[in-house]
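Notes to accompany the following structure.
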Amino acid sequence: MLLVQHIRDHYDQVLLGLKKRNLVHADAALQQVLALDELRKSSQTQRDQLQAEANTISKEIGILMKEGKTVEATAVRDRSAVLKSQIKELEEQHEQAEEELKTLLYTLPNVPHEAVPAGKSAEDNEVVLTHGEIPTLPEGKLPHWELIKKYDIIDFDLGVKIAGAGFPVYKGKGARLQRALINFFLDQALAAGYLEVQPPILVNEDSGYGTGQLPDKEGQMYYATEDKLYLIPTAEVPITNLYRDVLVNVSDLPIKNVGYTPCFRREAGSWGAHVRGLNRLHQFDKVEIVQITHPDHSYEALEQMNSYVQGLLQQLELPYRVLRLCGGDMGFTSAMTYDMEVYSAAQERWLEVSSVSNFETYQANRLKLRFKGEDKKSQLAHTLNGSALALPRIVASILENNQGPDGIRMPKVLHSYLGFDRI
RNA sequence: AGAGAGUUGGGUGAGUGGCUGAAACCAACAGUUUGCUAAACUGUCGUACGGGUUAUACUGUACCGGGGGUUCGAAUCCCCCACUCUCUGCCA
């Protein structure tokens with residue numbers, strides 16, 4: 001959530017940023033934010049003054065009663081009644097202004113960093129770099145949804161029986177590949193100084209608001225109505241919310257957490273052509289890294305996470321490219337996002353396998369995640385996260401890129417985790 | 001799931017209608033004393049949103065799990081909800 005103070009102090013910059021996201025009514029919305037904030041403040045000032053008077057009167061009544069001056073006490077009590085109704089009126093005005101302000105702020109996305117390119121869609125994303133050789137596959141190459149049948153390692157039909165479309169069943173070497181990747185990713189993160197956590201995969205409403213899934217993406221999460229809990233779409237939600245309403249010491253920064261969780265996405269309305277096989281699922285596995293940093297160092301951390309994820313892809317011997325997302329393609333809460341895409345040689349297309357973002361104070365403001373600095377004043381920290389990595393498309397590209405006449409070669413780095421080197 | 005007990009400041013914990021933003025102790029911070037450490041003593045020590053100031057100072061309001069109510073006045077009385085603990089039940 002944007003800070004009103006920041007909007008007031010850097011109006012033009014905020015406006016420009018929101019326009020980069022192609023937000024049509026940015027100017028009107030920001031003007032309304034400021035107007036509502038003025039109303040909020042003026043009604044509070046008036047209310048506080050009247051309340052102060054009422055408090056004084058109450059004390060007087062107490063003293064008069066004690067002295068037995070009931071007649072005088074009754075007289076003062078009348079004044080109190082008048083104040084009470086005025087206070088109530090101002091109170092309602094104040095609450096309404098506050099409520100409207102909050103609702104409006106929830107509709108405003110984060111302001112993109114100045115380095116974020118303008119643009120409307122994925123077409124306008126900036127390719128930062130491309131790495132690795134795109135393999136040339138022999139005649140008769142198969143897309144992964146054929147390969148998994150051929151080698152009987154993932155069964156979609158069984159998943160349909162158990163749950164529905166988009167819930168694959170991993171079998172045999174397929175299941176072991178999943179487990180190997182998860183362990184490899186966790187071990188790598190540990191070596192890079194991340195603390196492993198295992199959070200709940202159902203979260204409450206407050207957590208959904210904390211990281212910005214609510215109210216923006218209400219329909220994209222599975223919801224257990226009986227208990228009012230959401231299935232997490234990403235470990236970002238529970239892990240970042242570990243630090244909701246937390247005041248950390250500046251010396252504890254940066255905080256680095258990693259967690260493996262399954263992720264659940266309803267993907268309402270997004271099924272169609274390019275989503276066969278593992279390309280889009282309702283349930284998938286992901287290892288997520290989260291950092292909480294001092295505002296001065298969040299972009300260093302973003303670059304660090306960027307190259308960390310690239311390191312994973314290099315070890316997995318996958319050709320990839322890094323994109324800097326344009327304003328139009330970036331997530332609601334992000335200030336800057338890098339996407340990593342691997343090349344899937346049988347589908348002959350790039351697949352997004354990671355998204356690394358800096359949210360600056362946008363989430364921290366909702367979370368009330370602050371740190372106490374050297375000046376002993378508390379201020380909002382910056383939050384970041386990134387996939388490191390999401391499994392299905394990694395599996396898809398490993399299968400496709402490494403297929404050959406004598407099976408599918410596994411990346412060397414996984415051999416010890418797998419216990420086999422070929423499927 | 002049933003019955004009971006509870007939720008107070010960084011921690012322990014007092015407080016059943018006005019003198020309580022909240023005792024006491026601990027922790028923390030600053031200072032005095034001490035050769036150092038320790039101890040002792042003195043002081044400071046919550047958050048949010050306003051007003052005010054160049055910035056301080058100063059000042060108002062709210063906050064004792066959350067929300068609502070009674071009252072001139074609520075941490076304290078009433079109602080609803082959440083959570084924690086104990087016992088019983090069920091269960092990986």
Side-chain angles (χ1 to χ4, degrees), chain A residues 1-9 33-106 198-210 214 223-230 238 241-253 255 262 361 364-381:
Chain A
M1 186 153 55
L2 298 176
L3 291 150
V4 176
Q5 173 107 36
H6 187 259
I7 295 174
R8 201 183 306 133
D9 294 347
V33 166
L34 295 185
L36 282 169
D37 192 51
E38 279 310 313
L39 181 61
R40 178 188 68 83
K41 287 200 291 192
S42 64
S43 56
Q44 184 183 334
T45 304
Q46 287 181 62
R47 184 206 60 189
D48 284 358
Q49 279 168 359
L50 295 180
Q51 187 61 253
E53 192 186 335
N55 287 346
T56 311
I57 285 176
S58 286
K59 275 184 188 144
E60 280 173 18
I61 290 173
I63 293 166
L64 289 171
M65 299 287 274
K66 199 171 278 180
E67 293 172 348
K69 298 176 181 171
T70 42
V71 183
E72 290 88 334
T74 313
V76 184
R77 208 177 280 186
D78 290 343
R79 169 63 182 157
S80 178
V82 176
L83 281 174
K84 211 175 164 183
S85 71
Q86 288 178 341
I87 289 169
K88 195 175 178 195
E89 210 170 291
L90 285 164
E91 179 71 35
E92 278 164 12
Q93 195 182 76
H94 180 249
E95 270 173 23
Q96 196 188 332
E98 222 164 31
E99 194 57 40
E100 280 177 32
L101 181 59
K102 199 168 94 180
T103 307
L104 180 57
L105 286 173
Y106 273 140
Q198 271 191 33
I201 58 179
L202 276 81
V203 295
N204 58 25
E205 195 182 41
D206 283 349
S207 299
Y209 275 96
L214 296 175
Y223 183 53
T225 51
E226 191 77 8
D227 297 291
K228 296 186 176 138
L229 294 170
Y230 294 87
N241 270 282
L242 296 176
Y243 303 95
R244 172 154 47 86
D245 294 321
V246 167
L247 181 62
V248 300
N249 207 304
V250 67
S251 59
D252 296 333
L253 300 177
I255 292 169
T361 59
N365 187 27
R366 288 194 184 186
L367 293 160
K368 293 195 173 54
L369 163 52
R370 292 160 302 159
F371 67 92
K372 197 156 256 187
E374 292 82 358
D375 57 355
K376 295 196 171 173
K377 280 187 180 167
S378 57
Q379 59 172 312
L380 295 171

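- A:S80 comes within contact range of the sugar-phosphate backbone alone, with a heavy-atom separation under 4.0 Å but no base atom that close.
- Contact of the A:L229 side chain with the A:V203 side chain is not registered, since no non-hydrogen atoms from C-beta on lie closer than 4.5 Å.
- Between A:K59 and B:C72 there is no side-chain polar atom (N or O) within less than 4.0 angstrom of OP1 or OP2.
- Put simply, CZ on A:R79 is 16 Å from C1' on B:G73, counting in whole angstrom units.
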* Nucleotide by nucleotide, 5' to 3', does protein get under 4.0 Å of the base (B), only the sugar-phosphate (S), or neither (-) in nucleotides 49-65 of chain B, counting heavy atoms? -> BSS--------BSS---
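- For A:T56 (side chain) and A:A52 (main-chain N/O), a donor-acceptor pair under 3.5 Å exists by modelled atom type.
- Comparing A:L247 and A:A54 against RNA chain B, the residue whose closest nucleotide sits nearer the 5' end is A:L247.
- A:D245 places none of its side-chain heavy atoms less than 4.5 Å from the side chain of A:L367.
- Between A:L214 and A:Y106, every side-chain heavy-atom pair lies at or beyond the 4.5 Å cut-off.
- When heavy atoms are screened at a 4.0 angstrom cut-off, A:I61 is found touching base atoms of the nucleic acid.
- For A:R47 and A:E89, the salt-bridge test fails: no basic side-chain N is under 4.0 Å from an acidic carboxylate O.
- Atom CZ in A:R370 sits about 15 Å away from atom P in B:G46, given to the nearest Å.
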